[in-house]
Protein chains: 2
Amino acid sequence: MSNYLILTQTLKAAGMRLTPQRTAVCRFLAESDEHPTAAMIYDELKLQFDSFSLATVYNTLDALVKLGAVNALGGVGDDSVHYDADTEPHVNLACLSCNKIVDIPSEHVTHLDDEITAATGYKLLGARVLYYGLCPDCQESSNR
Amino acid sequence: MSNYLILTQTLKAAGMRLTPQRTAVCRFLAESDEHPTAAMIYDELKLQFDSFSLATVYNTLDALVKLGAVNALGGVGDDSVHYDADTEPHVNLACLSCNKIVDIPSEHVTHLDDEITAATGYKLLGARVLYYGLCPDCQESSNR
DNA sequence: GACTTATTTATAATAATTCTAAATTTGGAA
DNA sequence: TTCCAAATTTAGAATTATTATAAATAAGTC
């Protein structure tokens with residue numbers, strides 16, 4: 001199932017209405033791999049509606065986060081929260097020089113959930129695994 | 001070497017002056033396992049100084065984070081950043097209901113560095129592994 | 001089509017963090 | 001020690017992401 005359908009069906013299954021604004025937020029999230037902020041989503045989508053409000057963006061994002069379909073990534077360098085529609089276990093890897101964030105799959109991260117649940121009894125709702133470093137390109141640049 | 005000395009020596013090694021305010025922030029961080037916020041540190045330490053400013057707390061914390069001696073944990077449920085003086089590989093586990101954060105050691109997290117370096121060629125400089133969910137106590141409360 | 005309720009909108013309110021400029025303190029040099 | 005330049009602290013103002021509010025609008029149901 002496409003990521004877009006997962007998001008919209010998640011909202012519907014929770015008894016929420018599928019308004020044009022909400023489906024637009026879901027589509028934008030699903031089609032982006034840029035980990036957008038609420039403001040980035042708003043700036044883009046307001047062009048598509050006669051009127052459109054940041055509050056609607058937050059409303060939709062909060063619902064998706066609470067439903068576990070989207071991860072909120074806070075404290076990533078700038079001071080706003082980035083959203084990631086990929087909730088499969090993976091590592092976010094940020095380059096401190098060029099500020100790109102890439103997703104990478106990880107053998108060990110896929111096992112973390114089970115390990116943590118077994119060790120603590122917490123009910124896990126989400127995770128953020130964020131590494132910082134210098135990407136290969138920027139390592140080169142800094143050597144020149 | 002004690003955690004307190006690591007923090008103060010890190011500041012000194014970076015050419016920063018060891019003022020009484022800064023050493024107090026370092027001591028508080030080193031002796032706390034509560035992952036305090038800037039406001040929590042300020043509220044406690046202002047009792048020890050005739051005058052004391054939140055800006056000084058932020059100044060010191062920002063320096064320690066940039067130097068890699070402290071991790072900043074944002075987006076944890078309340079809307080302020082928590083600080084963790086333990087930079088050894090471990091999992092931070094936050095409860096979204098009571099906002100407590102606990103540290104837990106993890107077999108898998110200790111191997112993540114090697115795995116990521118091998119897979120990507122990045123030069124890793126730091127990491128934050130944050131899980132969030134409901135602690136056993138809060139799961140009970142929400143069932144009542 | 002009318003009704004009930006959820007949702008959207010625009011704006012105001014809140015609160016964490018950053019900025020600013022003046023006053024103070026620091027560590028080094030004479 | 002005393003002086004000096006530079007770093008630091010302070011208090012408060014400014015900024016800004018997010019949340020709350022209340023009136024207007026749209027959805028889904030009968």
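Note on naming: letters A, B, ... go to the chains in the order of the sequence lines (proteins, then strands), and numbering restarts at 1 for each one.
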Side-chain H-bond candidate by donor/acceptor type, [X] with [Y], under 3.5 Å:
X      : Y      : answer
B/S106 : A/E115 : yes
B/N92  : B/H82  : no
A/D84  : A/H90  : yes

Within residues 29-48 of chain B, the residues having a heavy atom closer than 4.0 Å to DNA chain D are none
> With distance as the sole criterion, do the side chain of B/S53 and the base of D/dA11 form a donor-acceptor contact below 3.5 Å?
Replying inline: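 It does, because a donor-acceptor pair links the side chain of B/S53 to the base of D/dA11 below 3.5 Å.
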Its contact letters, B for base, S for sugar-phosphate only and - for none at protein heavy atoms under 4.0 Å, make nucleotides 21-30 of chain D read ------B---
Exercise. Which listed nucleotide (D/dT18, D/dT19, C/dT17) is nearest to the side chain of A/L54?
Worked result: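 Nearest to the side chain of A/L54 among the choices is D/dT18.
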Per atom distances to the B/M16 side chain, the nearest of C/dA10, D/dT10, D/dT8 is D/dT8
If we only count heavy atoms from C-beta on, is the B/L93 to A/I116 side-chain gap below 4.5 Å?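 Yes, at least one pair of side-chain atoms sits under 4.5 Å.
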With a 4.5 Å limit on heavy-atom distance, are the side chains of B/I104 and B/Y131 in contact?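 B/I104 vs B/Y131: side chains apart.
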Nearest-Å distance, [atom1] ([X]) to [atom2] ([N])?
X     : N      : atom1 : atom2 : answer
B/D62 : D/dA7  : CG    : C1'   : 16 Å
B/H82 : C/dA16 : NE2   : C1'   : 12 Å
A/L64 : C/dT7  : CG    : P     : 13 Å
A/F49 : C/dT8  : CZ    : P     : 9 Å

According to a strict under-4.0 Å criterion, is [X] in side-chain N/O contact with OP1 or OP2 of [N]?
X     : N      : result
B/Q21 : C/dT25 : no
B/T56 : D/dT10 : yes
B/N59 : D/dT8  : no
A/R22 : C/dA6  : no
A/Y58 : D/dT19 : no

Tightest non-hydrogen contact, residues A/F49 and A/P20, listed as CZ-O, 3.7 Å
- Item | Nearest non-hydrogen partners of B/P136 and A/G121, listed with the distance |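 B/P136 and A/G121 have their closest heavy atoms at CG-O, 3.8 Å.
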- Does one hydrophobic cluster hold both B/F52 and B/L29, with members joined at side-chain heavy-atom distances below 4.5 Å? yes
Please answer: with hydrophobic residues joined when any side-chain heavy atoms are less than 4.5 Å apart, are A/L11 and A/L61 in the same cluster?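 A/L11 clusters together with A/L61.
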Query raised in the report: What is the nucleic acid contact for B/D50, judged by heavy atoms within less than 4.0 Å: base, sugar-phosphate only, or nothing?
Result: nothing
